[in-house]
Every structure is written in structure tokens, then in C-alpha cells.
Undergrad: 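I have a structure I would like to understand better, so I am pasting it below and will then ask my questions one at a time.
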Amino acid sequence: MDNASTFLHGLNEEQSKAVNHHQGPLLVVAGAGSGKTKALTHRIAHLISEYKVDPSEILAVTFTNKAAREMKDRLEILLAQKLAEHDLAQPFSTLTFSVQNQLRTRIYRNITKELWIGTFHALFARLLRLDIEKYLDKEGLKWTRHFSIYDETDALSLVKEIVTQDLQLDPKRYEPKKIRWAISNAKNKGILPDQLEREAEAQKGRITANVYRIYRKALSANNALDFDDLLLLPVQLLKQNESVRKYWHERFKHLLVDEYQDTNWTQYELIKLLVTNGEEPSNYNKWSNRSVFVVGDADQSIYSFRAADFRILMGFEKDFGNIEKETIVKLEENYRSTSNILEAANCLISNNKERIDKILKATRGTGDLIKLTRCDDEISEAEAIVHRLRILDAGDENLNWKDISILYRTNAQSRVIEESLVRWNIPYIVVGGLRFYDRREIKDILAYLKLLINPSDSVSLLRILNVPKRGIGKTTVQKFTEAANQLGIPLWEIVTDPEAIRSLAGRSAKGLLEFREIIQSLQSQLNNVSTSEIIQLTLENSGYLKELIATGTDESEERRRNLQELVNAALQYQEENEAADLEGFLATAALASDSDNKDSTLDRVTLMTLHSSKGLEFPIVCLVGMEQGLFPSYRSLDDPASLEEERRLCYVGLTRAKEKLFLFHANERRLWGGAREPALASIFLSEIPDSLIEGDYPLAGGTALRRDRHLDRLTRLDKFSSSSHNHLSNLGIPSNSVRKMSSGPIPGKKWAVGDKIIHSNFGKGQITHIFGSGEKISIAIKFDGMSPKILDPRLAPIKPIEDIS
């Protein structure tokens, strides 16, 4: 392709710097909505066309499978556009669909097919398919390239079995879920059972280490890996096997990592091993025709609960910066949000101390002021949100429901909002509910498919042995399991052995022989039919579909439709992958996330947690539950570092909005199944300048709703007219009086730990901590009979006890 530098056209100065970077390390600090995906895709195209990099030498890591698909798609179109101009001398957009398709197919076969683009888990699962048999485990455990990938449900099921059956432990005292979390945490830190046992300080720790040891042996016996293994085993393999490490180091000369602030230390080890071939990054200097290009934003690091550590991003320059070239570029021009929204986000995040300084600069107009609504309680809040949506819908005939998102801190907040949406017949979808691949019928059929590929997978075998019912009882299953354990062979070998069936099965023999015939018949078809066809055959031959049709209930019909959607997923996989096989499809299904399955074509309001909203954008965003103890959460109130992460989460929420932003909070809320508690507005609201917010005032709240169910008696959410603003001013009430009416009475007061205060709602308390300095401080107060609360002394209705006459 001639004039490859045209891949720099249409980029701003900083984007061009990032795209045109060729050799060495580079950190791109990419603010929200700053066009980082454009920079990533243009960079890959530029490397291939300008610097003649072989596509097979490029590895690009994305945060989700959906982002990987979008990146490949954008790259394909970008290169096809260039090919159209070069070969056909006309713009790509003017070509017929058929010709466009031909060009994209050429690009796919010659370029995108050779690229490795995906999540850490997907990419390194692919690496393990090629090299796992070279891995030497310290405990002598082995896996083959046909390993199964256990999702969290499968992994927890296995841990439960070990705790309750193998070790006969009390599951109330030794909770399987907590032990599973401890094992996952250990794997993320690269810790194996022996080390965990040495570091254990109590009996529970030693028992956890023992469960971990048995769990690994069980995974090996089932030829299965969990998600954590997909990162841990490659780290160990690359460290222990110099020839394997050297091969992959020489193979991938250009690494690109998106969402770098969300990497954990195991992922960082993988990056280092591939980039420097095991050398310390600060000493590495062989950068000729080689690069590591990471994109991230410390202000959007919100996944510490998944072991992500934004300090990895903060330390990039120190780790890789021992060269003469510039190693950092900042993308600060925002193409998403109006300037009012951006200014609010900038002011909020400036309160964090641990960050790389940057200011998002608007490329769009000022936009509307942010609307803040204070409600009586969570029921009033839900109805106020819905009323706001109805006003927006009535006022704009071009508005679609899918343009709107409602964001909250915890999933539990969705219930009352959903009830209001249903009551007013507004369509919606909840992201973060039951994942498609976690539905019972889907997991059943996937278990059949896993067994076809990997007969050693006893977890999948036990799940479907009697599904649908074949008269195989629990006693029979137990006999076969015990026999397999004593002989040290996979359960499959016993279950499919005619002699064993005759000896152990009794009346279950017929069902077992039927099952054996079904699986072996399907296995014989694996090389003859496509993935979608083998799924259809499994549905029919297993009797699963027949049983659902015979049941004839609404639930069974819904399950049947879900199974048809599984066939559709396989068809889509075949369309997107030239060499599509069942093994690849199962890996894709195992690694799919909830956000990957979100259907953006449905015209519905989207409900999701703030964590789930990362990477998305909507014209209209409603951010609800802006209260102390809810957002920021109680867990962060005594921990400045956690409070900073909560503030980053709020920053993410604000910057999802393109056109309009609505904030809501309640005066009281029922939380965690308890009694209603008074609630204070979130400290984050005080960190947004008053000039950017205008307030709305409900006339009545949840009490009126529960009594009358009439919206017009609940709230007034109409926009303020200039006359109403003047009226408020005449009364001496500022337009943002939602905040001002609760401001503290003593500006400039110096507070100290130990001061005793009285709060107009919470009563007497004592200051236990002070965060921040100067005027921008927050104080933690312990009130009698309730959890500590962090308040802004400039806003909270508090007075020192000695000032009270």
C-alpha cells in the first residue's frame, strides 16, 4: 500500500505521536473518550504498512473479548479502505457490499488472521494449547492440549466437593466460597500450595493450602484449568523453559496492551517475560524493531478487587524508561462529552493524590448543566428517575431508550428501579444478571461438548450422566466414582467399560449403555460436521430437546430458545473464524463476559453497575444513590486509598455521559435488608463546582407513592424556568440549594481528631480520622449505635458540642 502515512491523517498531535512510535517502550495516558481505540488500531495499521512489520509479530491485549472483536473489525475496515484507494482508485464507502466484502476477506486472510488480538486469558489459553505439554509442574501434575476451561461455577463446585466429601469438613466453618477465593488470590500472586502452607498462621490457612493442593490434583485429573491457571501456568512455563520463552519473545516483537491500569502482577510478569526475554526491563536495551506500547489511565483504575494494581501503570516509566527517547504521551482531548460534564469530572478527580496529572479538554460545546435531584427515599428516587426519562422521551422524538443508562454502585439497587420501569412500561435490560453461558441448559449442553473433546473431564461427565434422566441413580454414580478414584483412572474409562457396567451398575446398566452410545456416536461425527451441527446433533441425540418439548411449559420453551441461541452463537463463531472448531468455540464460550453478550441493537434502557459501565458511553446517564456509605461505600470510609478508588469509580460514571448527566440521592434508604437509615449526600457531590449543577426538588416522596401510586403526587422534575430561578434568588435560596441547604454552619472551622460534635440527624459523635488538608478535608465520625461516617465538614449539618448553648 502506498502513502501508508495516511494512517496518521485525522489524528491530533498526541495521537500521531503514539501511532508513529516504532521502537522502544511507550506509555499512552489516555483520558476517557480521548480516542485511544483509534490510536491503537491506527498504530497497528501503521506498523504493518509503514514499518513493514509482519502481522504475526504483533500481540495486542484488550480488556474484553468484545473490545478485541471491535479492534479487529475497525482494523479490517481501515486497511480495506486503504486497499480500495490503492487498487480500485475509489473510496471504500462507494463500493458495492459484495466488493467491500471481497476486500475485507483479503485483509482478513493476509493480515488480521495472523494478528494475536484478545484478552490476557484468551491469548495465553491459545499459547497453552500449543505448549502446555512442555510445562513441568513441581508436583508432577500434567495437562494435555485438549484441556477444558472451568468457569467460576465449575471451579467452586469442585472446591465444594473437596471440602464436604474428600475432607469431610463442616462447610459452615470452612466456607467453600471463601476457600475458592483464597486459592484464586494465591494463584494471582504466583503462590503454590507448599508456599501457602508455609505462610499459614493458623489451622484454617493450613486447611486452605491442603484444599488448594487437592484442587490442583483434581484439575489435572480432569485435564482442566481454571481462569487463574490460564495466566499462572504460562508465567511458570516461560520462566522455567528458556527455549519456549525465547520462541515467544522472538515471535512477538510488538506488544500493545489496552487498559494497562487494570493489569495485575501476574499479567505484568507475562508482559515482561515476552518483552525482555526474562531480563530486568530497566536493563533491557535490545529495542531494534521491537516495542511495548501500553495504554491506560490511572484515573479509571477500578478493579482492585480483581487484584488489578494501577501502580503498575504509575511505575512504567521507571521500569522501562532507561532509554533516551520520550516514554509517555498524554491523550487529553475528549471527543465524547460536553465541557460541563468534563469540567465536573476534572474537578472531582483532582482530589485524588495518586494519579498522573492530566486535564480532559472538551472538543464539543458547553452542553446542559448537570441535574441533581434529592429524593425522600429509594422509592421516590426510582420514580423520579422514571419521570425524568418520560419527560426526555416526550421532549425528543429522536430519542431511543437505548441512548439512556442508569448506573448504580451495587446490583441490589436495581430492584426498586426495575419495579418503576415496569410500572411505567419502559423497556430495559439489566447488565450483570445471569450470564448467558451460566444458564442451566447452556451449561448442560456445554458439558456434553466438553466431554466429546476431553473425556477426562469428570466434572462435565457427572453433570450430564443422568441429564436428561436415564435411570442412573446416585448410588451407582458413587460406586463408579469410588472405583475410578481407587484405580487412579478417569471416571469416563469406568463408565464406558461394558464389564464395569455389568458389575457395578445393576438396574442403571441400560441408562449407562445408552449414554455411552450417545457420546461415542457424537465423537465419531466431530471431524465430519461443523460446530453448530455438532451442537444440534447433541441437542437431538441426547434427548435434551425432546424432553423440553414434551414438558411444554413457558420455562421449558424459554430454555429451548436459549439453546437455539447457543446454535446461533456457534454459527456466528464460524462466520468470524475461518478455522472454526469445537475446541475453539468452547474456549470462546468459557472466556465470554457479561458485557460481551450485551445486545446493543435492542431499544431498551440499560441498567448496570458502575463497574460494568467501564468502556461504554451513552448520550444520557443517570447516576443514582449518591450517598455516604453507599457511594462511596462503607468499606472505603476508613481507608483513604479505597476512597480514592471510589472517586475513580465516580469519575468513570460521570465520563460515560455524552450529552446529559443526572445525579440522584435520597434522604433515607433501606439497605441490606435492615431498617431505613438517614442518608447524607455523597462527598463526591461537594467536589463538583456549584456552577455546573442545577437542582430539582421532589414535592413528595416514597410515602406518597406507597399510599397513592400517583406519579404527579410524587415529584416535580420540570426544568427551572428563568422566572423560577429568579424566585429562588428573591427568597435568598441559590439554584443549587440541594447542596447549600445542608451545608455546615461554621466555614473555616479547624477540626481535630477527638473533637466531639453533634449532627442534626445522627446525634452526638466523635471525630476519629481526618483526610486531606487545608479546606479540602473530610472527617470520619463515630456516632453512637451506627457505622462510622465520612462527612465533608463544609456541607454536613454539624456543630462542635462546646458551641452548643
Side-chain angles (χ1 to χ4, degrees), residues 132-133 135-150 154-169 176 183 192-194 207 209-226 229 233 444 447-467 469-524 526 542:
I132 194 168
E133 288 166 21
Y135 169 64
L136 298 176
D137 187 77
K138 289 180 180 178
E139 296 176 16
L141 305 179
K142 293 183 179 180
W143 287 264
T144 75
R145 64 175 302 276
H146 299 294
F147 60 82
S148 297
I149 300 173
Y150 281 1
D154 297 329
L156 182 58
S157 173
L158 191 53
V159 170
K160 277 181 183 174
E161 185 182 322
I162 292 165
V163 170
T164 59
Q165 295 179 32
D166 294 14
L167 299 178
Q168 297 286 305
L169 297 170
I183 291 170
L192 292 173
D194 288 349
I207 286 174
N210 192 32
V211 174
Y212 183 9
R213 187 176 292 109
I214 298 169
Y215 173 68
R216 290 191 79 238
K217 287 177 181 174
L219 285 173
S220 174
N222 285 282
N223 193 29
L225 300 175
D226 64 23
D229 290 324
L233 263 63
D444 286 344
Y448 271 99
L449 301 175
K450 287 179 187 178
L451 194 64
L452 300 184
I453 297 288
N454 176 22
S456 298
D457 185 351
S458 297
V459 169
S460 294
L461 172 57
L462 288 169
R463 181 181 183 96
I464 56 165
L465 195 56
N466 197 39
V467 176
K469 291 192 177 349
R470 300 185 178 91
I472 304 170
K474 287 184 179 179
T475 305
T476 302
V477 173
Q478 191 174 349
K479 281 181 188 176
F480 277 82
T481 304
E482 286 172 357
N485 290 339
Q486 287 173 24
L487 294 171
I489 59 176
L491 179 60
W492 171 254
E493 290 188 24
I494 303 277
V495 165
T496 56
D497 177 14
E499 292 302 320
I501 292 172
R502 277 193 286 270
S503 302
L504 299 172
R507 285 179 295 177
S508 298
K510 183 184 175 186
L512 282 164
L513 289 168
E514 269 179 27
F515 179 75
R516 172 176 175 264
E517 188 177 334
I518 289 165
I519 299 300
Q520 290 179 340
S521 170
L522 290 168
Q523 284 175 326
S524 70
L526 277 177
S542 65

Undergrad: As an exercise, state the distance from CZ of Arg213 to CG of Leu141, rounded to the nearest 0.5 Å.
TA: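 If we round to the nearest 0.5 Å, Arg213:CZ and Leu141:CG are 11.0 Å apart.
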Undergrad: Is the closest basic N to carboxylate O distance between Lys138 and Asp194 below 4.0 Å?
TA: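 Between Asp194 and Lys138 there is no salt bridge, as every charged N stays at least 4.0 Å from the carboxylate O atoms.
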Undergrad: Tyr150 vs Asp457, test: side chain to side chain donor-acceptor pair (under 3.5 Å). Steps then yes/no.
TA: CA-CA 10 Å; Tyr150 281 1; Asp457 185 351; 2.4 Å; yes
Undergrad: Ignoring hydrogens and geometry beyond distance, is a side-chain donor-acceptor pair present between Asn222 and Ser456 at under 3.5 Å?
TA: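 Not at all, the side chains of Asn222 and Ser456 share no donor-acceptor pair under 3.5 Å.
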Undergrad: Using the rule given for side-chain contact (heavy atoms from CB on, under 4.5 Å), can you reason through Val211 versus Val163, listing the C-alpha separation, both sets of side-chain angles and the distance that settles it, and then say yes or no?
TA: CA-CA 7 Å; Val211 174; Val163 170; 4.2 Å; yes
Undergrad: On a heavy-atom basis, which atom in Asn223 and which in Asn454 lie closest, and how many Å separate them?
TA: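 Heavy atoms only, the tightest pair is O-ND2, 3.1 Å.
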Undergrad: Any side-chain heavy atom of Lys450 sitting closer than 4.5 Å to one from Ile149?
TA: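 No. Closest side-chain heavy atoms not under 4.5 Å.
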Undergrad: Could you tell me if the side chain of Lys142 sits less than 4.5 Å from the side chain of Asp137, heavy atoms only?
TA: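 Not touching, per the 4.5 Å side-chain cut-off.
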Undergrad: Show your reasoning for whether side-chain contact (heavy atoms from CB on, under 4.5 Å) applies to Thr144 and Ile132.
TA: CA-CA 7 Å; Thr144 75; Ile132 194 168; 5.9 Å; no
Undergrad: Parallel under 30°, tilted from 30 to 60°, perpendicular over 60°: which one fits the rings of Phe515 and Trp492?
TA: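 Correct class here is perpendicular.
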Undergrad: Which distance, rounded to the nearest 0.5 Å, do you find between the CG of Leu451 and the CG of Leu491?
TA: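 CG of Leu491 is found 9.5 Å from CG of Leu451.
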Undergrad: Counting heavy atoms not belonging to Glu517, are there more than 12 under 6.0 Å from its CD?
TA: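 No, CD of Glu517 has 12 or fewer neighbouring heavy atoms, counting only those of other groups under 6.0 Å.
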Undergrad: Shortest non-hydrogen contact from Val495 to Ile501?
TA: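 Heavy atoms only, the tightest pair is O-CD1, 3.2 Å.
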Undergrad: What are the two closest heavy atoms between Ala447 and Ser460, and how far apart are they?
TA: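 The pair with the smallest heavy-atom distance is O-CB, 3.6 Å.
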Undergrad: Could you give the distance from CD1 (Ile453) to CZ (Arg145), rounded to the nearest 0.5 Å?
TA: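 CZ of Arg145 is found 9.5 Å from CD1 of Ile453.
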Undergrad: Answer yes if the side chains of Tyr215 and Asp226 hold a donor-acceptor pair under 3.5 Å, and no otherwise.
TA: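 Yes, a side-chain donor-acceptor pair sits under 3.5 Å.
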Undergrad: When rounded to the nearest 0.5 angstrom, what is the spacing between CD in Glu493 and CG in Leu487?
TA: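 CG of Leu487 is found 9.5 Å from CD of Glu493.
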Undergrad: Looking at Asp154 and Arg463, is there a salt bridge between them, counting it only when a charged N and a carboxylate O are closer than 4.0 Å?
TA: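 No salt bridge links Arg463 with Asp154.
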Undergrad: Could you give the distance from CD1 (Ile489) to CD1 (Ile494), rounded to the nearest 0.5 Å?
TA: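 It comes to 3.5 Å.
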Undergrad: Any heavy-atom pair between the side chains of Pro193 and Glu139 that's under 4.5 Å?
TA: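 Side chain of Glu139 against side chain of Pro193, heavy atoms only: contact under 4.5 Å found.
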Undergrad: If we ignore angles and hydrogens, is there a donor and acceptor under 3.5 Å between the side chains of Asn210 and Tyr212?
TA: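 On atom types as modelled, these side chains do not qualify, holding no pair under 3.5 Å.
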Undergrad: Quick one: do Asp166 and Lys160 make a salt bridge, cutoff under 4.0 Å?
TA: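 Salt bridge: no.
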Undergrad: Please name the pair of heavy atoms, one in Asn466 and one in Gly471, separated by the smallest distance, quoted to 0.1 Å.
TA: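 Closest heavy-atom pair between Asn466 and Gly471: OD1-N, 3.3 Å.
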Undergrad: Checking side-chain contact (heavy atoms from CB on, under 4.5 Å) for the pair Leu219/Leu225: CA distance, chi angles, key distance, verdict?
TA: CA-CA 6 Å; Leu219 285 173; Leu225 300 175; 5.9 Å; no
Undergrad: To the nearest 0.5 angstrom, please state how far the CG atom of Leu512 sits from the CD1 atom of Ile472.
TA: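 It comes to 4.0 Å.
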Undergrad: Does any part of the side chain of Leu526, heavy atoms only, come nearer than 4.5 Å to the side chain of Leu452, both counted from C-beta?
TA: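 Yes, their side chains come closer than 4.5 Å.
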Undergrad: Enumerate donor-acceptor pairs with a distance under 3.5 Å from any side-chain N or O in residues 478-485 to protein atoms, sequence neighbours excluded.
TA:
unit_1, atom_1, unit_2, atom_2, d
Gln478, NE2, Glu482, OE2, 3.3
Thr481, OG1, Val477, O, 2.8
Asn485, ND2, Thr481, O, 3.3

Undergrad: Checking salt bridge (Lys or Arg N to Asp or Glu O under 4.0 Å) for the pair Arg516/Asp497: CA distance, chi angles, key distance, verdict?
TA: CA-CA 9 Å; Arg516 172 176 175 264; Asp497 177 14; over 6 Å; no
Undergrad: Locate the shortest heavy-atom distance separating Arg470 from Ser542; write the atom from each residue and the value.
TA: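 Looking at all heavy atoms of both residues, the closest pair is NH2-O, 3.4 Å.
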Undergrad: Using atom types as modelled and distance alone, determine if a side-chain donor or acceptor of Gln168 lies under 3.5 Å from a backbone N or O of Gln165.
TA: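 Confirmed, Gln168 side chain pairs with Gln165 backbone.
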